Each structure stands twice: as C-alpha cells, then as structure tokens.
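Reviewing the structure listed below.
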Amino acid sequence: MADVATLDRVVIRFAGDSGDGMQLTGDRFTTESIFVGNDFATFPFYPAEIRAPQGTVAGVSSFQLHVGSWDILTPGDQPDVLVAMNPAALRANLGDLRRGGLIIADTAEFTPRNLEKVGYGSNPLTDDSLAGYELHALDLTGMSVRAVEQFHLGRKDAARTKNMFALGLLTWLFSRDPAHNLEFLDAKFAAHPQIRDANKAAYSAGYHFGETTESFTSRYHVPGASLERGTYRQVTGNRAMALGLMAAAARAELPLFLGAYPITPATDVLVTLAEAKDQGVLTFQAEDEIAAIGAALGASYAGHLGVTSTSGPGMALKTEMIGLAVMLELPLVIVDVQRAGPATGLPTKTEQADLLMALFGRHGEAPLPVIAAQSPSDCFDAAFDAARIALEYRTPVIVLSDAYCANGAEPWRIPDLSTLPAIDPRIATAPNGPGDSFQPYRRDERLARPWALPGTPGLEHRIGGLEKADVTGEISYDPLNHETMVRLRAAKIDGIGVPDLAVDDPTGDAEVLVVGWGSTWGPIGAAARRVRVGGRRVATAHLRHLNPLPANTGDVLRRYRTVLVPEMNSGQLALLLRARYLVDVQSYTKVRGLPISIGELEADLITLIDTQEAR
Amino acid sequence: MADVATLDRVVIRFAGDSGDGMQLTGDRFTTESIFVGNDFATFPFYPAEIRAPQGTVAGVSSFQLHVGSWDILTPGDQPDVLVAMNPAALRANLGDLRRGGLIIADTAEFTPRNLEKVGYGSNPLTDDSLAGYELHALDLTGMSVRAVEQFHLGRKDAARTKNMFALGLLTWLFSRDPAHNLEFLDAKFAAHPQIRDANKAAYSAGYHFGETTESFTSRYHVPGASLERGTYRQVTGNRAMALGLMAAAARAELPLFLGAYPITPATDVLVTLAEAKDQGVLTFQAEDEIAAIGAALGASYAGHLGVTSTSGPGMALKTEMIGLAVMLELPLVIVDVQRAGPATGLPTKTEQADLLMALFGRHGEAPLPVIAAQSPSDCFDAAFDAARIALEYRTPVIVLSDAYCANGAEPWRIPDLSTLPAIDPRIATAPNGPGDSFQPYRRDERLARPWALPGTPGLEHRIGGLEKADVTGEISYDPLNHETMVRLRAAKIDGIGVPDLAVDDPTGDAEVLVVGWGSTWGPIGAAARRVRVGGRRVATAHLRHLNPLPANTGDVLRRYRTVLVPEMNSGQLALLLRARYLVDVQSYTKVRGLPISIGELEADLITLIDTQEAR
Amino acid sequence: MTATSGLAGVPLAVTPLTRKDLASDQEVRWCPGCGDYAILAAVQGALADLGVRRENLVIVSGIGCSSRFPYYMNTYGVHSLHGRAPALATGIALARPDLSVWVVTGDGDALSIGGNHLVHALRRNVNLTILLFNNRIYSLTKGQFSPTSERGTVTKTSPEGSVDAPLDPITLALGAGATFVARAIDSDRELLADVLGAAAGHRGAALVEIYQNCPIFNDGAFDALRRKDAPALIRLRHGEPITFGDGLGVVRDPGTGRLAVARVAEVGTDRVLVHDAHDPDPTTAFALARLTDAPLTRAPVGVFRAVTAPVFDDDARAQVRMPAASDRLAALQRLVTGPDTWTV
Amino acid sequence: MTATSGLAGVPLAVTPLTRKDLASDQEVRWCPGCGDYAILAAVQGALADLGVRRENLVIVSGIGCSSRFPYYMNTYGVHSLHGRAPALATGIALARPDLSVWVVTGDGDALSIGGNHLVHALRRNVNLTILLFNNRIYSLTKGQFSPTSERGTVTKTSPEGSVDAPLDPITLALGAGATFVARAIDSDRELLADVLGAAAGHRGAALVEIYQNCPIFNDGAFDALRRKDAPALIRLRHGEPITFGDGLGVVRDPGTGRLAVARVAEVGTDRVLVHDAHDPDPTTAFALARLTDAPLTRAPVGVFRAVTAPVFDDDARAQVRMPAASDRLAALQRLVTGPDTWTV
Ligand SMILES: Cc1ncc(C[n+]2csc(CCOP(=O)(O)OP(=O)(O)O)c2C)c(N)n1
Ligand SMILES: Cc1ncc(C[n+]2csc(CCOP(=O)(O)OP(=O)(O)O)c2C)c(N)n1
Ligand code: SF4
Ligand code: SF4
Ligand SMILES: [Mg+2]
Ligand SMILES: [Mg+2]
C-alpha cells in the first residue's frame, strides 16, 4: 500500500470534453473537501460560448480546485494534479501544470484520430514527452465500462461513468472517505436506479483501483483547515450576490425586484433570484438591458428595492438610464459582472476593465457610489452594502464583480441575518413643505431626498430627467440652480461614510505597498504571503469603495516609498489614485482574461522589493 | 443730430417673445456688421424646448452679438445694449446688462397684464427702478403699426413688423448703411410684395425715427476690424462641423454617410448634411441613436466615411456600438455636441461634462482619439482632423463640440479646399498574407489594419466583436493574444501624431498658466487679454487633442508655478492632467449651462496672479 | 388571477374627484392651439370619472412635447427618458397592483426610439394604459419627419421628401398581439372620453392612438378628418354596424374577405359589417385598420379590439410568495444556509 | 428607381459558384444535431444558385448561436452586436447597391433586444434578406425563454413557467408593413431553398423565419411539425389552393372572413383558399399566420406575402447627386463659400 504524504495545500484540475461531466466531478471533490474540513477555492472554466466539436481544444471544460489546511485565497494558478480525460484536455492544460506535477490520463481516448484532432503528432502518453511529470496513463473508460457491465447500459452510457471512476480514484488518492459521495449518488439518481448503481459501481471501482494497483507510490492527506469557528457552506459569487441583495431587502423590509436580460457571466444572478419567488422576489426578464434597468427603476419608484444585473455590453446600454437614476435620486443597485472586453470581447473570461466606465461613463456630471466585490463569498457583503447605500442615500450604486468572482466558489461562513444592520428606508409618509405641500427635493442630513411612494395621499409629485429646482423639484432652467444641484448631487455621494482603508503591514515597516480592488484580492494576498514567507516585507491594502474613496487613502499611499497597483486592466485604478492623490503609483497590469498569476506577481514583487532595498 | 462716439467693441442683446423674430433681427444686425468689416461672435438663446405661453419669462428668446474692431473671441457676457420687446424680456435679461447700459423697450407691451405675468408690481419703465441705465422707452409697436398703415395688414401682422422697426433704429444708432437690409428684405419677401413693403417701411421708419428724434444724444461707430486678409463668411458651429466632414470626405475621395437621430443641440448637423444631397452626401435619419451609429458603421464597412452626430443622451446609447467600432478598427466619426446634463438635463444649455465619458465610458479597454472644437468656425478644422485620423488609423474618433459652439456664429475666413491635406484612405486592393490570403488584422506602420471593402475579390473576410487573433483576425480566446491586442489597440491610438501644445505667454515669464479645452477657448482668451491689458502676466494653452495628449503637455504644465484649468464641468480635464502628469493643477469650474463668464474669470485670474506674486 | 377590470385592486376615492382636482399647479406650456390641450382636458375628465384615488394614479412619459403631460397632472408622475416609458411603467405595474398606471408618449417616442418597449409591453399584456399622441412629426426637436409621417413629407431633415414608409401603430399593435387597441382624435372630446374609459377598464395593455394636431410643425395633418362636409371618421362601436358619413358603411367581400367602403343604400343594410371588438381573432380588426388611407382622407376611430387574455403582471405576481413579515428573515436564513453545510 | 429584383445591380459571377465555394475554412462549431447545420448548407446552396459574385455577398449577424453564421461563409461578413444587425445592414445597403446584403439573426437577437431595428428595416423596406433562426430559446446564454417561447415554458429563469405571451414574427412583420414574409423549417431542405431563392429575388426587405431545432436547450420544439403520420406543415404556394396533409385545406368563412382548416372532401375543392402572395392587402396573410397554433401542432410555411413597394435604399440614393469627381471639390467650395461673403 502507498504511503500517505501530508500536504498543506494542493491544486487539482479536472479537464475533459464538455460532455465528460468535469464540472460535476470537480464539484463533488470540493464537497468531499468540505467533509475533511479543508478550506478551498474553485474555478470552473467553460468552453467559449458555442459547443465546439467533441475532442477539440475549443471544447475543453475544466474545473480547478485549491484545497488546503489554511486560508485559501484563490483557486491557485499552477495545478499540482491534472486529470485529463482526452488529448484535447491534456493539450489545453499541460502548460499550466507545475513541473513534476501528477497527470492522470484516460488512455482510451488517446486514439490516433483524437490525437490528430488536436495536433499531436505522436501519443504524448507514450512518447516520453511527459517525462518531467508523474504520469498515470490509465484506461479509465475501459475500467469503467467493465465495472458497470452488470447493469447492461449502452456502451455510451457505460463509458459516461468514467468521471465517477476518476473521482473514486482521487478520493482514494487524497485519503478521503468514499461514503459521502456514495450517499450523494443515492440521492441524486434515486429515480433512476440503474444509473445510480452504475455510477456508484464506477466510483467504487475507481476507489478500489487506487487501493489495489501499485501505480501510485504515495497517497496524500491535506489536514483540515483552521477556519474561523462557525457553520460553513460553499458559495459562488453570483449566488452570494443574489443572497446579499435578498438580505438587504429583508433587512429594509422591502420587496426585491430584479430586472435583467441574460448575459454571460451575470445570468446566474437572475437565475438565483428567479428561483427565489418564495422569498417574495419578483424577477423580470426584460426585452433588453435598457428595459431591465428601466423596470427596476420603475419598481424602485414604486417602493421596491430595484436591482439590475448585467455585464459590460449590458452596462454600456444602461448608461443613459443610470444617468436618469442619478437625476431622480432613487435607490437602485446595478450589478456589473465584468468580463473581458471591449465589445463582445471574451464573454466567458474575467477582467476588471469597467472601473472607469462605472465611475465616469455617463454624460453630464453624474456621480454615484461604486463598490467592488473581492471574492465569491464577499459578493454577499458587497451587495448588502450597495443596497444599504442605495436605500439610505437614494442613489444608484454600481457593484463591480467579475467572471472570476461570479463563477468561483469558496467556503462561506454563513452569516446570521439577524445580526446584519437593519436598513431604514425612511419612506416619506407626510408633507414636508410649507402649507402641507410636499417638496420632493428637500434633503435630509445625508443630503438624501424623501422617497414618497405612489399611493401615499398628499405626497403626489412629478419627477423627471430635466434639471430640477433645489427643494421643490420643479423644472428649473436657472443657471445657478443647476450649479447648486450639480454640487449637491456630488456632495451627497462624497459624503457617504465609508470605512478607512485598512493596511496589512505585518512588520510595520514595509516600503512597498500593494493596492488592489475587486477580485485581485486573492492573488495579491497569496502573493504577499509568499513574499513574506520568503522573509521580505510588503504591505497590502484593498479598496472595497471606489467612490467615494476612503478618507485616509491619500495618507496611506503617501506612507510608502513604492505603491504598486495590480489590475486586470490597463491601469484604471492607478489612473484614479494618481489623479486624486498625485502619488506616483506604479501600475501592474495583466489583461489576459485570467486572474493575475500569483506566481508571477510574487516574482515581480520580489524583484521590486529587492531593487528597492538595493537603492 | 446726435454725436458719433467711437467704440472698439459692443455687446448687444435682442430679447423678446418667441414669436417676436429676435433671431432674425439679430442675424440681420450681424450681417450689417459684416459689411462694415467688424469682427463678431453671436449666441442665440432659445427658450427651453417647449413653447411657453406668450409673455412669460420661460418664453423669452434672445440673440446676443458681440461686434468689435479686433479679434472677438466670444459673444461677450455682459451686454452693453438690451433691446427688450416686452416685460418678460426685460425681466429675464436685465440682470446681465452692464450697469449704465442702454435699454430700448417697447412700451406697448408693458401693459398691466403683461407686467403681472412676470411678477412686476409696477412698471419698471416708469417707476425709476431703471435709473441706473440709459433707458429708451419707446412705443415700437405703435410706431410700426402706423408706419405700415398704408399696406392694410391686419393688426397682428402690422404689429409683427416691430422687430424691423427696432432693427432700423439700431442701424441708425450704430451708424450703419440701411441699404443692405432693404436689399435683403427685397429678396426675402420677393414673393409677398405686401409683406416686403411693410417690413421695409417699418425698417426705414425705425432708421428715420433715430435720425429725427432727440431721444438719443449719441450715435456709435465701431470701426472695422483688422481681420486677417481673406474672404469671410459667417458660420455656426454645427454648419462648420458639417462642412468639415464634407471637406474630409472630398479630400479622401470617399462618399460621406451620416446616420443620426434628432437631438438638441446636434440636430443641425443632420439638417445641414441632409441639405447637401447634391454634394453626394447620404443622410439616414435612424429610428434611434444605436441604429444611427450602427448604420454609420455599416456604411464605413462598405467604404463610406461613416459619421454619426448626437448629444449626451444619444452618446450614452451609442456606447456599446462605439466599443464595437474600436474592435472592428473601422473609420468612424462620432460628433458629440455637448449639452448640460446629467440625464435630460438642460437640453438647450451648454456644458463640457462629456469629456470623461468620451475618454473612458466604455466597457473593457477601448481607447480612441478625442478631439475638441474650440469655437464655431473651428468645428470645421476639428471635424476635418477627426475624419482624417479616423480614416488613416481605422478608428472611431469622438469630436466634442457643445451647444455654445454649435449655435454660436462668427466670421470665418473661408478655407481654400484644395489646400487642405489630401487624405489617403489606402483601401486594400490585394491579398497581403501568405498564399494570397487576406489578413484583416495585419497592421501597417501606423498600426492601422487594412480596410478591405466588400466587392473586392480575394479579400473576403469576417470581422466581429469577439477578440481576434493578431494578424489573421480569427476569433481567439488565447490569453496572451488578448493582452497583445489590448496593447496594440492602445499603442495605435497613443501613436497618433498630434501637434505639440502651443503656449501663449507674451511676456515669456508668466507664472500662471491657464489650460483649457473646447469652447472655453474664447472666454479664456478674452479674460487673459484683459488681464494682460491690466499689466499682469498670464500664459494660456489650449488642448485640441484630448487623446492622445500632445507629447509636450507634461513639460508645459511643469514649467509654471500654477496651472489653472477652467472648465464647464466639475473638473474633468483637471482629473486627466493630474493623473497623467502628476501636476497639481487647479480646477476652475462653472457648471451653469452657460459659457464661462469672461468678467468673472478675469477677476479670479487677477486675484490668483496677485496672490501668487505676493507669496 | 381573475381580476378583469383594469382598475381592480386600485382603491376608490372617498369623495369623487373633479377634473380640477387632477390639474397640477404648473402652468401648461404647450403652444397655443396645440392638440395636447384638448387631450389633457379629456384625460383629466376621464380619470376623474374612474373614481379611483388620485394618489393611486401614476403617469409615466418619455420625451417629447406630449411627454410633458405628467407635470400637468396632480397625480404621481415620472417624465422619464426618450422611448423608455413602457419599461418604467412595466416595473411600476409589476410592483404595485394598487396603482393605475398610464403611459403618455408620442409617435417618435413610442414608435421610433421606443418601438421595442411598446411592442413588448403589448405582447406581454402588462396592465397599462398607453396614450400615443400621434402628430406625425417630432415636435420637441422642431419638426423632423417621424415614423408615422407620410412618405414624401418635407421637413428640415427630408428637404426633398421623406422616403420612409410610415408605420401604422394600430396594425403594429395587432401584429404584436395587443389585446386592446383604439384610436381617437384630439378634436372629438366625446370619442376621447369613451375610448379612455374603455381603455382604463381593460385589464392588460391598452393602446390608444390619439391623432393630435401640432399647429407649429405639422399643422393640419388631420384636417381631412375634421371636415364637417365630408365626415371621414369611421366610428367603431362594438355590436353595431359600421356606418359613417352620409350613408356609407363598411362591407366585406365574401370571396376575398377584404373590407371596403360602400353606400349602404346600394349594398343593403344587411351587408354592413357589425363591429365585434371582442372577436378573439384580430384579423378583422387588422383589416379595419387598413381602411386608414394615405394621404389621409378617412380613418376608423374607436375601439378596434378589446379581448380578455392573461395579464403579465398579475401572472408574474401570482408566482411570487412573500413570506409573512414575521417569518421573512427566518425563511431567508434557511435559503442562505442551504442544504449542504459544515461546521468548524 | 425601377429595379425589381433584389439582386439588380449586384454583379454576376463569371464562373458559377458551388456550395463549397461558399464555405469558409473555419471549423463549424455548433453542437452536434443543431438545426443550424442544415440551414447553413441550404443557404450556401441558395447563394451559389443566385449566380452573383461571392465578394458581393455580405452577411451581417447579431449575437447568438445562429449569429456565428458569417464565420462559416466565404463571403464578406460582420458579426456585430446583439440585436443590431439590421442597423449595420441598413447602412451597408444604403451605401452600396452592388452588394447583396443578408442578415442572420435569432429569435432573441431579432425580436427581443433587436425588435425595433427589425420593425424599422421592414417598414422602410430596405433591400435586405433577413433570416431569423427561431429556436424559441436563448441558446448562446444557455437556455432562457425567449420572446417566441410558448407561455409556460420552464427554463432556469422561468422555473415555474414563463408568463409572457409570445410574439409571432410573421404577424409582427405584417403589422409593420413588411413586403416579403416567409417561413421555413430547418428539416425541409427543398422548402428552404425555395423560400431563400424567393427572398433573395425580392427587392426590399424580406423576412424569412426559419424554425430551427436546438437539441441542447429546446429539443423537439418543432417535432409536431415533422411527424410523417400527421403532416402539419401548411405549404403556401402562390396561385395554388392551400391544401396539406391528408386531404385538408384552408377555407374562408364568407360571413366572418375567418380562415379555418377543413376536409377538402367535405367542403369541396372550390371552397379551398387559393393563395395570393401578391395580394396588396396583407389581411389574408395575417389570417394565414394565425393558423399557427400553440402548443404548436400546425404551421403555414412558404411565402405569406411578396409585394412590390418602394425600396428605401433605392429611393434614398436616388435623391443623392454626387458631383463628378473632377467637379467635386469645386462644388463643395461653392457650398463652403456660401452666398454671403465679404473680403478683408
Ligand atoms: C436619447 C434621446 N434621443 C433624442 C432625444 C431628442 N428628442 C426629444 S423628443 C424627440 C422626438 C419627439 O417626437 P414625439 O415623440 O413624436 O413627440 P412630440 O414632440 O411630437 O410630442 C427627440 C428626437 C432625446 N431627448 N433623447
Ligand atoms: C447587449 C447584450 N446583451 C446580452 C447578450 C447576451 N446574449 C448573447 S446571445 C443572447 C440571446 C441569444 O438568443 P437568440 O437570438 O435566440 O440566438 P440563439 O443563441 O438561440 O441562436 C444573449 C441574451 C449580449 N451578447 N449582448
Ligand atoms: S410644437 Fe407642436 S406638439 Fe409641441 S407644444 Fe407646440 S403645437 Fe404642441
Ligand atoms: S446550443 Fe442549441 S442552437 Fe446553440 S449550437 Fe447548440 S444546438 Fe445549436
Ligand atoms: Mg410627434
Ligand atoms: Mg434562439
């Protein structure tokens, strides 16, 4: 029997054809990780939009999982283990694998035809080109088919169980208890006993193959993580976003309304909320993004928490209506799940290049709060915060997520909703002006105007996109009034209380500060940790609020000799910080549709720090 | 007879009800100015959108004219002369009049009912409240009606000639020759002899009234301006824009296509081009702004110079399609005639608050050139330049004009089109790739891709909004290719040659530099001139190119102790300059829907310079 | 849901409203002689007659001369963006069954930039009353041809005559599956009142096209329909034979199914088409709409179609189950927690 | 302009093209079994048959599975933005009478986000051939209900069934005044070829709805129409009586004008409606479209309507007079100079 080696973290990637069930396999392995108390982060990778022909590189689907004993911040960049169900999967993913990493490949699929499809001149499983790796070339398909023979499935269905065989093998390899998955399969296929039993058989066969074969010299064990005490679940960013919005509506005691038009990678926010009708959520799949935000604004006007969710192209279309929301000063949450652009771009890939659009992309002076989510589970908090600000300040708020947050998953300590702050929407119920009149633009101490809902007697009023007179809200063409209103709208946003920027500078004397926003949080944190492990000093700070910026931001920036701003764009936050604080921050940009590589960032940080010290 | 006093400049404002013909009157007086060789600048002011009830302040229409002997940069801020055809016109405009200025008011309209309509408790023409002005309260209506009695017009039509009476009076007052206008009336009303004769009679009566009455103690004479030699015409910004686009198309030997949807204050670009069908111009009034730019992009694809013109709300809607144009790398000119925002805002008022939207308002990294027009006639050059860059670099270009440029008029030295640079669109005619293939993203030395028109055999190719592979243009999901393409698209724009920023620093040792862009050119120039006349030193520089910025911009900014950036927004150029050059420029912002006041800017500059010197 | 009146769910006023109660304090700023004045008066009258509370009326408009409408109504109102009123109104209607939601729009607003939102509001059958002021011109932007301008219309942007074929809002609506489609004209107060009442009573989307004269930019566009000597308005009344003018009637060719105008005296009363606004098949309504000619000399007015069909907002709300206030947080906590948890 | 063929002005190929000449070198990436494959083959065949030059063909699409179409055609092509293909195509058609311009779009692309552009292209009668691949689902975004999904469709975004009433692209087009409207189905190659040929030959906007099966997200949506045992495709052929299946025919009720399906043997051959695609009145075409039922058990296919009408791009170009190249600058100089000048 193989030895058991203890690892404190491991990155595993399952890769195969779109039809090979890699997402389910990954998901199940993640769940197993939960039961041993590991911390983790996952990242699914879907082929681009169209289903490509079977066996081609374009058709490869994969699922990456990073499990560990402590504080996992990202799904990792270099897998340690690659499960490749066919030559295309190997071809597409080998480049990422850590040198020396472990490969499990299904020999059954490495046919001359399949090899040719992806341009392999010879079979890499046999031509020694993988000598630098720990290769396990196994007939997963054949073994699966044999394992399920007794159930008399068609050849195709029988072969389809190979993902469970692979999962069983990995269960064994990582010293996990197969019981959980067997239970899961029982439940999942309860209605189809034949399929259930075949899958269970293949899974067990995989597990036993590990136990009996001598292929593997070592088994692994990743001890449980020391997560903060609490009850956890796994959550993706889009789901957390939807839950955060629901939580805010519940804490404000308002109904939630989502107007949306499907678009990758934001669609699942709509899907999750559409499934929450029993939570009082009304979703409207509109004819386009303009109608979606228009209806959400209408719903807000009528007293709901109006929300719209989309991605770049949809944001572009919503531009004009966001401007109207600024003028109407009504609550509205706009979720932008960023994807790689410009134009249609790379719809399934991640990027952070909508920041300046969110901040400045409207005609006229139309400031609004911008908030960024930094990880899948953090989408919950970002959404809650955005909704709170929208309701308390009567303003549209943009929440920036991205494809990486949206589709990635991680353990989430389930919040106790009753401990979340209550939100008081302060709905107007009585006249506020002279002679029992209602003045829709008389502001409160936060500079927010009253929110009077149709149906309330005595508060009848008209609002619209033309400039309005201060206090009364009547149409006004007066030049000085316009200036007053432009400044008031800006002052309201600038006055939103946001927490100070926290700096993580363990030694207290770092000279380099790394400032990030959004989903670079994971890679920056992980890279900084590695840099520190190497004995170097580095400080980090992460911006949740991009508008208004925390009051201490300038001070923080000026405290460090070098400020590095890693972004998945061409330097948008850097531009903002330079303009606001006149600090010569250095931009570190990667525009590849991928999360910033921890390894690369680590290396670059080390170079930077060492040059710095040498100066 | 009255003395003749010589003035070197005078600002006259004609104000009356929408129906009083003030625009025509102002226009005619402008034409008279031309004949005496004055330089001038004009600015019409229309009531907001809807025709308000007669006699109300909301219904006042006015026309302001600044004439002078030298170099008039703006229509002026404080009129010296106000012609007020009714109480509303007086009420709406008196505040702007220079103390001691001259008022000509039509007593016939100062009836109790009309006074009450605008909230005058007593008649300002008789209650001494205008003691600080030179008031001429005259029965313009009565005198006009009497002058045209012989033509047996109805009372209403007869009264309508009062604008010509007023014009005649001003012709006399400013020592002009009435012959030109009499000729004009002959031509204009050739088909309606009764109206023609009545208008001529009223005009002459006004002129003779000046001559015979003793009301006016002084006549004025504004000597001819020392304009550069050449042949001049009067031109508005929107017309100059249209002409500049036509000139570029002609110099590129391409047809011109405009796709547009009406919107104030941009509509006249469409109108002017719709009237130019005999110049080979095709205009398409689309169903909305998205279709307008879509069709323009389609026309560009098919080999026209595609153009779209709009204002803020329309720009917002075009956002997504502009992103596509960036990806397709096709020539396209986007004219944004800025108006006061946000949302519907103040549709007839001017503002410069679309700069950051033009620069950054797209999802993904989608850089493009941005060019600003600085005066009505300069719209011609800005449009020509934009079209040239669009064609040579295969890129959408945004031209920023504003309501002030668009509707204002000034003398324009007519360009000789044959001396304008020829534009070579370098249309692809032959394969450019291996094996006679065509590679639509193989770039030339400017990094521009080939422009191959449908109909060309052998160059068939497909383009679209998905990220494309370098050189071949095929769809590519490759991370590094995406980064390459993002950088290439940016490098192409950054590499556009733009002239250095010219500084006007007459003494060569100013410590304060005023940097502007767009239509603040006039007020900044005029204020700087006044400041210098007062013996102080100030430098000015004006940016035509907002992206890319001139290479020497940083050097220029750093050369001065203080850099002031006046803008009709909340500091958008200032933000850009601070971010790019880390120079602590000071923002000077007026967001009133009006041009920056020369007087205010002058005073503020003086304070700034004096404080500076005192430091 | 089984609500059948457009106003079911909207609370009634305790003391009936008068026209004046519905006028806001804002000065009305259309040009003298604008058809919008008459429509405003008629709408105020019709809304007062509905008997619902003022505060439960919401008027949403887009941009255009007509879209200034909400400012003149002492109700709740939103002057939104060009073309987008149906989108906002859909959100309001979905959110609140206790509101009577009206959309006021123009031919440019509804059929040019906003055409798609109109089509989708109609096909979904959202409980809205949509008043489309059709003056066949873009007025607010000072007179460009609109999607309803006749071919050959000369304007500043079509100096040699427009080459666009016009849209007919009635056939477009019928093609989109609209359940209530009507037409009125600014100058016929009684007709307007009738049609507005019927539209408000309809549960679902009601489209009312109102011919509106713009004396400034398209004066006289509907003059042919106003002539006393040769009446050209073909008044549609459910259940009644379609006759108009001096002994004219609408008849159907039994072979081709086509509708035509004939002298009743010549063809006989029996052959005159009896109007069935409730016909589930919209084909005859479509054929009637086609009697509108160009250049305009005659036009059917009244209710073309009024049929009962599932109502989008009712059905959407019916799927939503809001937990009791006391249980809301707990219910959400269960969802947030989900089925698969582990405890550290 | 008097051009009557949709291809007038488009240069002919010297050597006739074959289907293969029109296939690009890109691997086709739809799912196995996708209806798009059959349509692609049919379009390649139809375009080859047109006899025009390959380089004069332009295919413009929006976004969706179907909108990948241009990449597979060895012609000029633009994969534009979601819903906007008709806008780009209108610009191309206006600019260049020598191009044959095709739009490929989906039910979401054309009828949801792009509904307005479609309506306006149709009413203007721009010389375009528009192929609307209707799979009644948003496929590219992984299966949400679309504007043509039947009410009650269960998808991820409508877990309890959609409550939206669907749009019928045929009646919508007729309501918008479309001059050519047809329908085909992916599985009937001959019908597709016929309809595509007729559409290309039509001068003006031609809309072809193509029922397309999406085996992944809406499999079997049109299975009822494919059954061999109970044929449900009502084939429309101009000038021929409308019969189908086993002795069925379409008849008109002379009283109500309504169309219905009857047994020909029972009613007599004479009563069967003879299809007149050139009928200037679209009412019968509208009535025929209404024979499409829900849930889908039968549907008319073929050309509903094909009438001659003024063509937008022809008429727009006819107003434009480009000066001779030699005079162009001088002519423009005269305009730039204008009538009122003065010299200093
Ligand atoms: C996005 C946008 N595009 C254009 C405009 C300019 N605009 C305002 S109203 C209007 C057309 C109005 O026509 P219609 O709807 O017929 O209303 P009417 O003025 O005739 O009542 C246009 C083009 C705008 N306000 N917003
Ligand atoms: C502006 C914008 N909104 C949304 C999307 C996402 N999107 C892409 S295709 C599509 C719908 C496709 O449906 P359909 O047109 O029916 O084409 P199919 O995939 O079914 O062929 C959507 C919503 C997008 N690309 N752009
Ligand atoms: S322009 Fe025409 S539509 Fe507008 S207010 Fe005046 S008359 Fe009415
Ligand atoms: S998802 Fe459906 S429509 Fe799209 S390619 Fe696959 S089968 Fe075809
Ligand atoms: Mg109109
Ligand atoms: Mg579809």
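Below, chains carry the letters A, B, ... as their sequence lines are ordered, and counting in each starts from 1. Note that the structure is predicted; figures quoted are calculated from it, not measured.
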Report task. Please state whether the side chain, the backbone, both or neither of Pro166(D) comes within less than 4.5 Å of a heavy atom of chain C. Result -> backbone
Report task. Please list all pairs passing the salt bridge (charged side-chain N to carboxylate O under 4.0 Å, His left out) test where one or both residues lie in residues 168-181 of chain C, with sequence neighbours left out. Result -> Asp168(C)-Arg183(C)
Report summary line: Looking only at heavy atoms, the pair that brings Phe286(D) and Pro282(C) closest together is CE2-CG, 3.7 Å
Query raised in the report: Is there side-chain contact between Leu172(C) and Leu172(D), with at least one heavy-atom pair below 4.5 Å?
Result: yes
Query - Option in Ala316(C), Gly177(C), Pro310(C), Gly255(C) with maximal non-hydrogen atom pairs under 4.5 Å from chain D - result: Pro310(C)
Query - Atom group of Leu273(C) that falls short of 4.5 Å from chain D, counting heavy atoms - result: neither
Report task. Identify which part of Leu259(D) has an atom lying under 4.5 Å from any heavy atom of chain C, answering side chain, backbone, both or neither. Result -> neither
Query raised in the report: Taking all non-hydrogen atoms of both residues, which atom of His120(C) and which atom of Leu111(D) are closest, and how far apart?
Result: NE2-O, 2.7 Å
Requested in this report: Using a cut-off of under 4.5 Å on heavy-atom pairs, state which of Pro169(C), Ala309(C), Gly161(C), Ser158(C) scores highest against chain D.
Outcome: Gly161(C)
Query raised in the report: Counting heavy-atom pairs under 4.5 Å to chain C, which of Val163(D), Val126(D), Thr284(D) comes out on top?
Result: Val163(D)
Requested in this report: Using the side-chain contact (heavy atoms from CB on, under 4.5 Å) rule, take Leu174(C) and Thr171(D) through it: C-alpha gap first, then chi angles, then the decisive distance, then the call.
Outcome: CA-CA 8 Å; Leu174(C) 292 170; Thr171(D) 60; over 6 Å; no
Requested in this report: Give, for atom CG of Asp281(D) and atom OG1 of Thr256(C), the distance between the pair rounded to the nearest 0.5 Å.
Outcome: 8.0 Å
**Report entry** Any donor-acceptor N/O pair, Asn116(C) side chain to Ser112(D) backbone, under 3.5 Å
**Finding:** yes
**Report entry** Contact class of Arg123(C) relative to chain D, heavy atoms under 4.5 angstrom
**Finding:** both
Requested in this report: Decide yes or no for Gln319(C) and Pro159(D): does some side-chain heavy atom of the first lie under 4.5 Å from some side-chain heavy atom of the second?
Outcome: no
Requested in this report: Could you pull out all residues at least two apart from Arg252(D) that satisfy salt bridge (charged side-chain N to carboxylate O under 4.0 Å, His left out)?
Outcome: none
Query - Heavy-atom pair of closest approach, residues Arg290(C) and Pro280(D) - result: NH2-O, 3.8 Å
